[in-house]
Amino acid sequence: MCIRDSYYNQMFGPKDKDGNSVDIADWRRRMVETGGRDSSFRVETVRAAIGFDGEINDDWRYEVSYIFGANDAATNGAGGVNFEKVGEAVGPSFLDSTSGEVMCGTQDNVIEGCVSLNVFGIPGTETAINQAMMDFITFNAHDFGSNEQQIISGSVFGDAFELPAGMVGVAIGLEHREEKGADYPDALIALGITSGSSRLSTEGSYTVDEAYVEANFPLLADVPFADSLEIDGAIRYSDYDTFGDTTNHKLGIRWVPMEGLLLRATSSSAFRAPSTNDLFQGASANSPTVEDPCSSNPTAFCIADGVPAGGFEPIGDQLSSTRGGSTEIQPEEADILTAGIVYSPDFLDGLSVTLDYWDIEVTDAISTIGEQLILTKCATEGTFCDKITRYGPDAGALYGNSSDIDDRTTNVGGVNSSGYDFNIKYSTDIEMGMLKVNLDTTYYDTYDVIQADDSIVKHAGKYWDASSGDGNFPEWKTNINISLQNDDWSVAYSIRYMSSVEEYVDMASASDWSLSEINSGFRTAEVFNGETGALDGWDVFRDVDSSTIHDIRFTYFMENMTATIGMDNIFDEDPPYMASGFNDNTDPRTYNTTGRHMYLSLGLSF
């Protein structure tokens, strides 16, 4: 709270109708004068492996190994703010007539060491927060994390028996694995009194024992319409001390009907075990961009959840939520189907063309429900309301607002995706060296996210704000790489293309907006109330431009050294504008945000 007795509040703060300073219960200001957050890292990694193998007889061999790996990481973060110090700095203060300085406290009770904070200062002017103020409220965070893995494994493999087309190869193995992980945040961060996301310590471990059998069956060879026909099969049993056991399989076929043509298909099941973070991650603070439907025209569900009947003035569009792990998490599971064709024509050496189709269904996904879904479903159906903590009547203007949304990791919904991968490779010797061309293209046919309420959100060809959604899913992605290399040098040129996506911008309320007020570059879709059938408003969409980035790299080879000079983003392509992009009005996870830049690197081998 910035209280009325603060010197800077009295000088620059709001006034009541009588011209008196007032207490400001909730104020927000980005401390741009810090120069931004800055982090430095120190990582130490140790890995050791030992093993031996040998022959059992002419047909069978064995392998045994032990692997140990560990890393420790220390992170120092600057630019954070200590809220306890801020609380002192925006408390009572006065202008000392002798020194001409603003002092914390009162004339009768000066708070030594405190520096009063002018939160009303304008960055870049003489009223900006000065260095003395920054030094008092900022702190350096010191975090520490570690991971450790130990694996003991053994296998036997060889030829089991003979079929007309060849020997049946079999591998049988056992494995024991131990995983440990820890994250120890700075004490101030753990206490939740800083401007960064607070989090508690994470520490945990799990063990898994596995057994597997793999086999290859050559069914046909050197017969009409089958230069070769093989079937691969595998089954793996896994027993975790955290959630129990699971069994998964794979069945594949590989058929070469004629020289230069390969047909292949695989059907398999898979799982992803919860990690140490998924299981044991300490509670951490998050600030998603969301909208609480209970703020206006609250439903009976909202009122039952503690919202005043007249609604409330939202505290902002970034609400506080809590994320973290849970030991109740089960593994997510998947059914996978792939089918493809590889063509290598004999009339053009060095050329291969590949087309693969894939279909993946993930169930019990390890994820979060999502803060927006929690708020929406509480308002419309009364579900998930227990995950929302709201300010009570004693909170004044904050009454009814969410103070926290519990969005810890759980098993929820799933993902159904399908698409095609297309590849062309060509290599040939020319007078200047080896010329290689490689084209990779992926097309998303579907990418459907099944939410906690079993509703489906279409993602293929769309962008959902990464701060509260799932990110960027262009239907088309293409990489083209062209290189020329000889004994002395190499040059490589690459092109990265991502197609346009449709961006979900916001929900325009029917009570606050009309279609004429929505930017003409945006599209709208009517949204009706599921209970009354009345128009609630419009979902607002816009098209995000496609992106094409060109890079070039030249490398010169010396006896024990290489020198490389390159330029990325040759044509200085700007990342596409995104109206809901939280960082730089774009999606920095997907698009190049650095612009054109050159680099030089030297490599030494010894």
**Prompt:** What residues, two or more places apart in sequence or in another chain, satisfy ring-ring contact (aromatic ring centres under 6.0 Å, His included) together with Phe139?
**Reply:** none

**Message:** Can you classify the ring geometry of Phe120 versus Phe12 as parallel (below 30°), tilted (30 to 60°) or perpendicular (above 60°)?
**Reply:** tilted

**Message:** Going by the rule ring-ring contact (aromatic ring centres under 6.0 Å, His included), which residues pair with Tyr237 if we only count those two or more places apart in sequence or in a different chain?
**Reply:** none

**Message:** Would you say that more than 12 heavy atoms from the other residues, nucleotides or ligands in this model lie under 6.0 Å from the CD1 of Ile122, or not?
**Reply:** no

**Request:** Determine whether Gln451 and Val457 make a side-chain contact, defined as any pair of heavy atoms from C-beta on separated by less than 4.5 Å.
**Result:** yes

**Prompt:** Aromatic rings Phe473 and Tyr447: how do their planes relate, parallel, tilted or perpendicular, breaks at 30° and 60°?
**Reply:** tilted

**Request:** Name all residues meeting the ring-ring contact (aromatic ring centres under 6.0 Å, His included) criterion together with Tyr443; count only those two or more places apart in sequence or in a different chain, and write none if there are none.
**Result:** Trp476

**Message:** Which heavy atom of Gly400 sits nearest to which heavy atom of Phe312, and what is that distance?
**Reply:** O-CE2, 3.4 Å

**Message:** If you define the side chain from C-beta out and look only at heavy atoms, does anything of Arg390 sit under 4.5 Å from Cys294?
**Reply:** yes

**Message:** Between Asn479 and Ile495, is there a side-chain heavy-atom distance shorter than 4.5 Å?
**Reply:** no

**Asked** What pairs meet the disulfide (SG to SG under 2.5 Å) rule with one or both residues in residues 375-414, with sequence neighbours excluded?
**Response** Cys378-Cys385

**Message:** Nearest 0.5 Å, please: how far is CE in Met498 from OG1 in Thr442?
**Reply:** 12.0 Å

**Complete:** All heavy atoms of Asn118 vs all of Met133, minimum pair found to be N-SD, 3.7 Å

**Complete:** Residue pairs passing the salt bridge (Lys or Arg N to Asp or Glu O under 4.0 Å) test with at least one member in residues 271-284, sequence neighbours excluded, are Arg272-Asp278, Arg272-Glu332

**Heavy-atom side-chain proximity of Tyr577 to Thr586 below 4.5 angstrom** = no

**Request:** Indicate the ring-plane relationship of Phe271 and Tyr240, choosing parallel, tilted or perpendicular according to the 30° and 60° boundaries.
**Result:** perpendicular

**Request:** Please name the pair of heavy atoms, one in Ile189 and one in Ser198, separated by the smallest distance, quoted to 0.1 Å.
**Result:** O-CB, 3.2 Å

**Message:** Can you pull out every salt bridge (Lys or Arg N to Asp or Glu O under 4.0 Å) where at least one residue sits in residues 404-418? Sequence neighbours excluded, please.
**Reply:** Arg323-Asp407, Asp406-Arg408

**Prompt:** Are any of the side-chain heavy atoms of Lys387 and Ile369 separated by less than 4.5 Å?
**Reply:** yes

**Message:** Side chains of Tyr497 and Ser547, heavy atoms from C-beta outward: is any pair under 4.5 Å?
**Reply:** no

**Request:** Return yes if some donor-acceptor pair links the side-chain N/O of Glu503 with the main-chain N/O of Ala579 below 3.5 Å, else return no.
**Result:** yes

